[in-house]
Amino acid sequence: MRPIDLAREHGLSAQAVRNYEDEGILPSAARSPSGYRRYTAVHAQALRAFLALRAGFGHGTAAQVMRAAGRDDEAVLFRLIDQAHADLLQERRTLDEVTEALGALTADPEPHAGGVTIGALAHRLRMHPASLRKWERAGILRPERDPATGYRLYPPDAVRDAHAAVQLRRGGYGLARIADFVARLRSAGGTDALDDLLRQWRAAISRRSRAMLAAGRPLDDYLTELDRGRSEPGQGV
């Protein structure tokens, strides 16, 4: 088969197929006497497996899995897959924790309407005040200032943001991602909008889980093709 023959099945360009081969995502193709690439059913299955993996695992991990398959490195291949599933499970747990924490915050508003000090908030979160100042620099927290003393005061919405950030931090999120989530939380516009935001997050996780599941069959078919080619002399790609 020619590059365009593989590409048409997926609405890709022939150049994209050549690029995937050059990146090691597809096995190296044999060449015709005139130098044209000759692809086989193994290459076609490799492309199906990669695109299915990419939908669930992302481009980077999918490419690493395909390269590991190409060099017959099962230890790396399965470790990559297991780690991706573990990461998604951790994200699901984090979402559950955030949902529970924010539910409690919205159900039981912070009684200190005038705001709490950095020391009081740090004590409540079991953190050091310096960490809260670092979160402020990262855009996660937006304290107000006491007009008389200039000291930081955290109003109810900032306390809510701090509780959300704690849960996300425990889930392994970096400060940049936490800042992005808190920004969306601020713009949610109320409990209903917040619930919708969390539903969207949960739906995105479910879509990735389904895509990971769907990628199993084409990857297994590709590995079977590779095993067959390696065990039958002269039948390699």
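These values consider heavy atoms only, across backbone and side chains, with no hydrogens, waters or symmetry-generated copies. One-based numbering along the sequence shown.
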Between the main-chain N or O of [Y] and the side-chain N or O of [X], is there a donor-acceptor pair closer than 3.5 Å?
X: His43; Y: Thr40; result: yes
X: Asp82; Y: Arg79; result: no
X: His128; Y: Ala122; result: no

Steps toward side-chain contact (heavy atoms from CB on, under 4.5 Å) verdict (Arg31, Arg37): CA-CA 5 Å; Arg31 299 281 182 151; Arg37 304 177 197 228; 3.6 Å; yes
Does [atom1] belonging to [X] count more than 12 external heavy atoms closer than 6.0 Å?
X: Arg210; atom1: CZ; answer: no
X: Arg142; atom1: CZ; answer: no
X: Arg71; atom1: CZ; answer: yes
X: His123; atom1: NE2; answer: no

Within one Ile-Leu-Val-Met-Phe-Trp-Tyr cluster: Val76 and Leu219, side-chain cutoff 4.5 Å: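 Yes: a chain of side-chain contacts under 4.5 Å links Val76 to Leu219.
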Common cluster, Ile4/Leu6, ILVMFWY with side-chain heavy-atom separation under 4.5 Å: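 No; Leu6 is not reachable from Ile4 via cluster members.
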[X] to [Y] - nearest heavy-atom pair and separation:
X: Ala138; Y: Ala179; value: O-CB, 3.5 Å
X: Trp135; Y: Ala162; value: CZ3-O, 3.8 Å
X: Ile140; Y: Asp161; value: O-CB, 4.1 Å
X: Arg230; Y: Ala69; value: NH2-O, 2.9 Å
X: Gly56; Y: Met212; value: O-CE, 3.6 Å
X: Gly174; Y: Arg169; value: CA-NH1, 3.7 Å

Side chain to side chain, [X] and [Y], heavy atoms closer than 4.5 Å:
X: Leu121; Y: Arg152; result: no
X: Val42; Y: Leu226; result: yes
X: Val166; Y: Met127; result: yes
X: Leu47; Y: Glu9; result: no
X: Ile118; Y: Tyr151; result: no
X: Ser206; Y: Arg92; result: yes
X: Leu153; Y: Val116; result: no
X: Asp5; Y: Tyr39; result: no

Residue pair Arg18, Glu21: steps toward the salt bridge (Lys or Arg N to Asp or Glu O under 4.0 Å) verdict: CA-CA 5 Å; Arg18 289 190 287 267; Glu21 181 193 347; over 6 Å; no
Glu136/Arg133 ion pair, N-O < 4.0 Å: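 So Glu136 does not pair with Arg133 through a salt bridge.
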Residues Arg217, Asp220: salt bridge by 4.0 Å N-O rule: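 Here Arg217 does not pair with Asp220 in a salt bridge, since their nearest N and O are not under 4.0 Å apart.
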Residues which pass ring-ring contact (aromatic ring centres under 6.0 Å, His included) with His59, listed by chain and number, not counting sequence neighbours: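 With sequence neighbours excluded, His59 shows a ring-ring contact (aromatic ring centres under 6.0 Å, His included) to Phe50, given in chain and number order.
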Partners passing ring-ring contact (aromatic ring centres under 6.0 Å, His included) against His85 (at least two apart in sequence or in another chain):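 For His85, the residues satisfying ring-ring contact (aromatic ring centres under 6.0 Å, His included) (neighbours in sequence not counted) are Phe57.
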Distance from [X] atom [atom1] to [Y] atom [atom2], nearest 0.5 Å?
X: Arg54; Y: Thr61; atom1: CZ; atom2: OG1; result: 13.0 Å
X: Asp227; Y: Glu74; atom1: CG; atom2: CD; result: 7.0 Å
X: Glu91; Y: Ser209; atom1: CD; atom2: OG; result: 9.0 Å
X: Leu53; Y: Ile81; atom1: CG; atom2: CD1; result: 6.5 Å
X: Arg67; Y: Gln64; atom1: CZ; atom2: CD; result: 7.0 Å
X: Thr149; Y: Arg145; atom1: OG1; atom2: CZ; result: 9.0 Å

Between Gln45 and Arg48: side-chain donor-acceptor atoms closer than 3.5 Å: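 Distance-only check passes for Gln45 and Arg48.
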Pair Asp96-Arg202, side-chain contact (heavy atoms from CB on, under 4.5 Å): steps then yes or no: CA-CA 9 Å; Asp96 291 340; Arg202 193 172 300 280; 3.0 Å; yes
